[in-house]
Amino acid sequence: MIGFFVKFLLLLAALFTLELFKPVQAHLIMPWTDSLATISTAILSPFDGNVASYGNVMVTRTGSFGVSIMPGCNGVEACLILISAIWAFPAPWKAKLWGTLIGIAAIQGLNIVRIISLFYLGQWDQKWFEFAHLYLWQALIMLDVLITWLIWIQYLQRRTRKEEARRTQEPPHAASR
Amino acid sequence: MRRPAEITRFALKVLAWFIFWTVVWYEARYLLILPTHLLSGLVATYLLPAWAEAVVQHGTILTLNTSLQVQHIAGAKPGQIALLTPAVNSMLYAYGWPLLMALITASTRRWLIAKMLLATLMLLPFEVTGITFDWVKQVGIEAGALELNPLQANLIAVGYQMFYLIFPALAPVLIWLAMERRFVATLTRLPDTDTSGDNQQKPSNEPLPADCARQNETNT
């Protein structure tokens, strides 16, 4: 366990430091953050004609309210934590790769739910918006990371046991009597 | 399928407890902040004795009184000085506590109160480190009151970011994983390294010698 924690923290520190570099921010993080606003708006548009986006901002067309998606709200840190947890865990690299891709999709999916919920919460009540934005959703996203990681480990275990069961199945022969 | 449902049931339990503990955390926030207030004051005055003087609490805001003077204040009368007093909303570093309590209450019933108290204590260093980085960032980088070289400024910036963006939510999960290894192993069907026998793996499909097979039948 200690070995896993050490590997995990080292990986996380490395990935997080890399994420802070200006070229990574300019070419990866900021475009992704802007796309979150676009994606969220695209999901809402069929149901709510009053929503628009520009850059990393989602606004009402009336201009009465808007949210700006900033670092900490783009799900990148949560993805880095999940990636570090998966790659620090002993497993075949293919399983790690699939876990990373599906895990990122799971986290970003919930993150879009967060953005949309905050967009409407902010229009309803600023106090509840602040509470959900600063405290509630941060913890829920981390819970998502944990559950995704646990499900991945469980999938690994099931696959390993299936392979072991297949290997130990031997046709019956005279020597066993 | 039975196995995925175990994690789903656990997740729903955690969610339910999380709502409960969030309400408790919010209602008791002025009380829960007291250990953070005390410890952050001790840490700041010990680590930064040249300019950190005391920590004052207003609601959930922890303000560090310093001896650092603010230069060039517009409209200041001759002889007037202003001291830097960086302030931090401690809840920004403590919001992981309800998650930690929810994970513990959803995962075990043995030694529950002791685990909750121990976990709360284990979370404190993360909160205090984040708050201290926040103060130093405000004083050193935003106000420019400390003579920092580029490396120091970068280290403070990275430290602040890590303890603001990552550890408030991550530390509770790490603490819970360390405390509830056996439960996690059971939940994910990982081989348990513990030899107490509570969470032994199910026997494999390999044929056993006759006397072992009889013993296993008795045990299961």
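Below, read A as the first sequence line, B as the second, and so on, with proteins coming before strands; counting in each chain starts at 1.
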Name the region of A:Tyr155, side chain, backbone, both or neither, that has any atom closer than 4.5 Å to a heavy atom of chain B. neither
Any side-chain heavy-atom pair of B:Thr188 and A:Leu156 under 4.5 Å: no
Tell me whether the rings of B:Trp25 and A:Phe131 are parallel (<30°), tilted (30 to 60°) or perpendicular (>60°). tilted
Is A:Leu12 close to B:Leu170 at the side-chain level, that is, under 4.5 Å between some pair of heavy atoms? yes
Heavy-atom contact with chain B under 4.5 Å, split by part of A:Tyr135: both
Rounded distance [0.5 Å steps], CG in B:Leu165 versus CD in A:Glu77: 5.0 Å
Contacting region of A:Leu150 [heavy-atom separation from chain B under 4.5 Å]: both
Other residues, nucleotides and ligands only: do more than 12 of their heavy atoms fall within 6.0 Å of OH on A:Tyr54? no
Nearest atoms (heavy-atom pairs only) where B:Ala169 meets A:Met142: O-CG, 3.1 Å
Around atom CD of B:Glu147, are there more than 12 heavy atoms from other residues, nucleotides or ligands closer than 6.0 Å? no
Here the gap from A:Glu130 atom CD to B:Met91 atom CE, rounded to the nearest 0.5 Å, amounts to 11.5 Å
Just how far is it from atom CE of B:Met162 to atom CZ of A:Phe16, taken to the nearest 0.5 Å? 5.5 Å
Locate the shortest heavy-atom distance separating A:Ala139 from B:Leu99; write the atom from each residue and the value. O-CD2, 3.8 Å
Heavy atoms from other residues, nucleotides or ligands near CZ of A:Phe89 exceed 12 (cutoff 6.0 Å): yes
Could you check B:Val184 against A:Ile153 for side-chain contact (heavy atoms from CB on, under 4.5 Å), going step by step and ending with a plain yes or no? CA-CA 10 Å; B:Val184 175; A:Ile153 292 175; 5.8 Å; no
Where is the tightest heavy-atom contact between B:Leu174 and A:Phe8, given as atom of each residue plus distance? CD2-CE2, 3.7 Å
Identify which part of A:Ile151 has an atom lying under 4.5 Å from any heavy atom of chain B, answering side chain, backbone, both or neither. both
Flag yes if more than 12 heavy atoms outside A:Ile2 fall under 6.0 Å of its CD1 atom; otherwise flag no. no
Using only atom types and a distance under 3.5 Å, with no angle test, would you say the side chain of A:Gln154 pairs donor to acceptor with the backbone of B:Leu187? yes
Tell me, side chain or backbone of B:Val158 under 4.5 Å from chain A's heavy atoms, or both, or neither? both
Side chain from CB out, backbone as N, CA, C, O: work out which of these in B:Tyr93 comes under 4.5 Å of a heavy atom of chain A, or both, or neither. neither
Side chain, backbone, both or neither: which part of A:Leu134 has a non-hydrogen atom closer than 4.5 Å to chain B? both
Test log, rule side-chain contact (heavy atoms from CB on, under 4.5 Å), inputs A:Leu136 and B:Phe18: CA-CA 9 Å; A:Leu136 209 64; B:Phe18 176 67; 3.8 Å; yes
Chain A interface, residue from B:Ala102, B:Ala178, B:Ala157 that has the most non-hydrogen pairs under 4.5 Å: B:Ala178
Any chance CZ of B:Phe20 has more than 12 other-residue heavy atoms, nucleotides or ligands included, within less than 6.0 Å? yes
Under 4.5 Å from a heavy atom of chain A, the part of B:Asn154 involved: neither
Under 4.5 Å heavy-atom distance to chain A, tell me which part of B:Ala94 shows up: side chain, backbone, both or neither. neither
What's the spacing between B:Ile7 CD1 and A:Ile147 CD1 if we round to 0.5 Å? 7.0 Å
